[in-house]
Amino acid sequence: MTSHHAAFLADFVSMSSHGATQGGGVDRQAATVADGQNRNWFRGLVEGHGFGVHYDVVGNQYSMLELTPGAPWIAVGSHLDSQPLGGRFDGAYGVLAGAHAAKRVQEKLAAAGEESSAKFNIVVINWFNEEGCRFKPSMMGSSVYTGKLSAAQVLETTDPHGVSVREALESIGTIGDFELPVSAYVEIHIEQGRSLEDRGLAIGLVESTWGANKYEFVVHGDQAHTGATIIADRQDALLGASALVVAAREIALEHSTDQHMVITSCGEFNVFPNSPVVVASRVNLLVDVRSTDPDVLAAADAALHARVAEIEKMANVRIERGAEHVWGAKAYDQAGLKLAAEAADTLGLSHGVVRTLAGHDSTNMKDLVPTIMLFVPSVEGISHNERELTSDNDMVAGVDLLTEVLLRVVRGEFVA
Ligand code: GLV
Ligand code: MN
Ligand code: MN
């Protein structure tokens with residue numbers, strides 16, 4: 001363990017105290033007090049190391065380390081926000097790793113007498129609201145940066161209590177008008193699955209995303225008495241919504257092939273008025289369908305919509321489809337994969353190619369600039385859970401690799 005490793009791990013422990021939960025995780029939903037505390041802590045940390053910090057119009061936080069004045073910028077980043085009762089590692093690991101790696105790159109260049117000949121400067125970006133739990137959709141800050149969502153629409157988006165993104169960001173003081181184009185993007189994240197652990201690998205080189213279709217459904221019924229209203233007269237929104245949850249699982253099982261798995265779930269489910277002795281008038285739920293293959297995904301998606309029509313008849317309800325959040329199965333930059341593999345070989349780190357089931361800010365960024373996405377192992381693949389864990393050794397190996405990758409990128413070995 002080097003002094004760099006010890007410093008990283010100490011900072012990781014400090015960071016994890018913000019929004020810490022009883023079960024060993026964190027609750028730092030986007031633009032809450034805990035997220036604000038952590039953002040301000042991170043700002044103080046990096047300012048102490050010579051970075052300048054700015055915010056853009058949707059609260060993305062840019063920590064800038066200038067190596068060669070006037071040179072273009074490359075970005076490294078992830079997100080500091082979390083799910084409710086989330087783990088300490090998801091997103092936060094990558095932002096802190098980015099700051100430590102950038103600083104180490106500066107030291108390495110200085111030691112080699114190359115500091116002011118770097119072809120790029122480094123900005124560490126903490127993307128606003130990757131998780132999408134308080135404000136939907138997920139990957140919000142990077143979606144605005146990459147032009148997939150408008151800032152105006154995002155700023156007006158409200159949480160379940162009617163607080164807008166603009167109000168929430170203003171209340172924690174992390175909003176501005178900064179803008180910065182970047183030439184390339186690098187992200188490191190925990191795997192959130194167990195393929196690296198199963199294969200005994202230290203590093204995953206992400207070759208592509210899975211495709212995902214996420215839909216908000218509203219099941220409309222009619223409020224009634226659970227005893228006095230006879231079955232024939234009911235329009236039970238909860239029955240319809242429950243059938244949709246079950247249908248989603250059945251579709252995953254029916255449409256998965258040996259080559260292409262289908263994964264579906266319902267993550268959010270709100271019943272109105274949710275009262276004893278009342279047949280529900282309405283349920284709002286979110287269903288997502290994912291696959292590695294666009295045709296398999298399209299078939300599963302069509303099956304889901306066919307089931308929606310059947311469920312409307314069976315439960316005597318109307319099912320409305322609301323907002324959607326969709327991204328395709330798409331490759332990351334091939335040259336980036338090769339660069340990262342060579343960097344891992346130089347450090348003697350075992351590595352293998354993986355695909356990402358989960359969405360990340362890099363899912364957006366890879367559509368804008370050449371992007372490299374790296375994974376470190378997750379113990380038992382546990383994620384979005386307070387028990388999420390990546391070992392200290394795996395974390396610092398990831399920071400070492402990120403340092404080596406960034407060094408190559410600022411020397412102009414990835415993009416010109
Ligand atoms: C992230 O937004 C995900 O849905 O995986
Ligand atoms: Mn994440
Ligand atoms: Mn997450």
Side-chain angles (χ1 to χ4, degrees), residues 15-16 19 21 25-30 35 38 60 76-98 125-144 146 148-149 154 157 185-193 204 206 208-216 248 261-268 285-292 297 323-330 354-367 371 373-378 381-390 395 398:
M15 177 171 69
S16 304
T21 56
V26 295
D27 187 343
R28 291 195 299 248
Q29 295 178 61
D35 185 34
N38 201 39
N60 293 316
V76 56
S78 199
H79 59 98
L80 291 181
D81 71 308
S82 82
Q83 289 284 332
L85 301 179
R88 290 171 285 148
F89 303 82
D90 179 356
Y93 164 68
V95 177
L96 189 64
I125 306 181
N126 162 28
W127 299 105
F128 174 65
N129 188 26
E130 193 278 344
E131 294 290 3
C133 35
R134 179 177 178 199
F135 302 102
K136 287 188 260 300
S138 60
M139 293 141 56
M140 191 176 251
S142 56
S143 291
V144 173
T146 54
K148 297 179 185 200
L149 284 178
V154 158
T157 300
Y185 180 66
V186 184
E187 179 165 350
I188 193 164
H189 199 281
I190 57 165
E191 183 187 15
Q192 306 175 278
V206 184
S208 60
T209 55
W210 283 47
N213 295 356
K214 301 194 197 176
Y215 303 112
E216 216 170 312
M261 207 186 282
V262 174
I263 290 188
T264 62
S265 33
C266 165
E268 192 180 33
L285 71 162
L286 278 174
V287 177
D288 69 69
V289 187
R290 305 186 193 217
S291 181
T292 40
L297 181 60
E324 63 177 51
H325 184 199
V326 166
W327 64 84
K330 221 171 139 190
V354 292
R355 303 188 69 160
T356 178
L357 286 86
H360 298 289
D361 296 302
S362 73
T363 308
N364 282 330
M365 286 301 282
K366 74 171 189 335
D367 297 338
T371 291
M373 182 75 194
L374 308 168
F375 277 169
V376 291
S378 290
I382 294 169
S383 180
H384 283 186
N385 184 311
E386 291 170 294
R387 288 183 287 114
E388 190 175 83
L389 182 64
T390 294
M395 281 205 285

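One-based numbering, in listed order, for ligands and for the atoms of each.
Proximity of Lys214 to ligand 1, defined as any heavy-atom pair under 4.0 Å, is confined to the side chain (atoms from C-beta onward).
Side chain to side chain, Ser78 and Glu187 meet the donor-acceptor criterion of an N or O pair below 3.5 Å. Checking Asp27 against Thr21 by side-chain atom types alone, no donor-acceptor pair falls below 3.5 Å. Side-chain polar atoms of Asp90 and Gln192 form a donor-acceptor pair below 3.5 angstrom.
Using a 4.0 Å cutoff on heavy atoms, Arg290 counts as a contact of ligand 1. Not a single heavy atom of His325 sits less than 4.0 Å from an atom of ligand 1.
For atom 2 (O) of ligand 1, the closest non-hydrogen atom of the protein is Ser138 OG, 2.7 Å. Scanning the protein heavy atoms around atom 5 (O) of ligand 1, the nearest turns out to be Gly359 N, 2.6 Å.
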Note to self: Quick one, Asp35 with Arg134, criterion salt bridge (charged side-chain N to carboxylate O under 4.0 Å, His left out). Give me CA distance, side-chain angles, the key distance, then yes/no.
What the structure shows: CA-CA 12 Å; Asp35 185 34; Arg134 179 177 178 199; over 6 Å; no
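Where the criterion is an N or O separation shorter than 3.5 Å, residue side chain and backbone included, Ala358 fails it with respect to ligand 1. Between Trp327 and ligand 1, a contact under 3.5 Å exists for no N or O pair.
When distances to the Mn ion (ligand 3) are checked against a cut-off of 2.8 Å, Glu130 contributes no N, O or S atom below that limit. Contact annotation: His360 places no N, O or S atom under 2.8 Å from the Mn ion (ligand 2).
Of the possible donor and acceptor atoms, one in the side chain of Arg28 sits under 3.5 Å from a partner among the backbone N and O of Leu80.
Within ligand 1, counting atoms from 1 as listed, the ones closer than 4.0 Å to a heavy atom of Met139 are 2 (O).
Taking the side chain as every heavy atom from C-beta outward, Pro137 and Ser143 never approach each other to under 4.5 Å. Lys148 has its side chain within reach of Asn364: a pair of non-hydrogen atoms, C-beta onward, lies under 4.5 Å apart.
In this pair, Phe128 and Phe135 present their aromatic rings tilted. The plane angle is within the 30 to 60° band.
Among heteroatoms of the N, O or S kind in Asp90, OD2 lies nearest the Mn ion (ligand 3). The nearest N/O/S atom of His384 to the Mn ion (ligand 3) is NE2.
Each of Lys136, His79, Met139, Gln29 was evaluated against Glu131; a single residue qualifies, His79, per the side-chain contact (heavy atoms from CB on, under 4.5 Å) test.
Here the angle centred on the Mn ion (ligand 2), running from NE2 of His189 over to NE2 of His79, is 110°, rounded to 10°.
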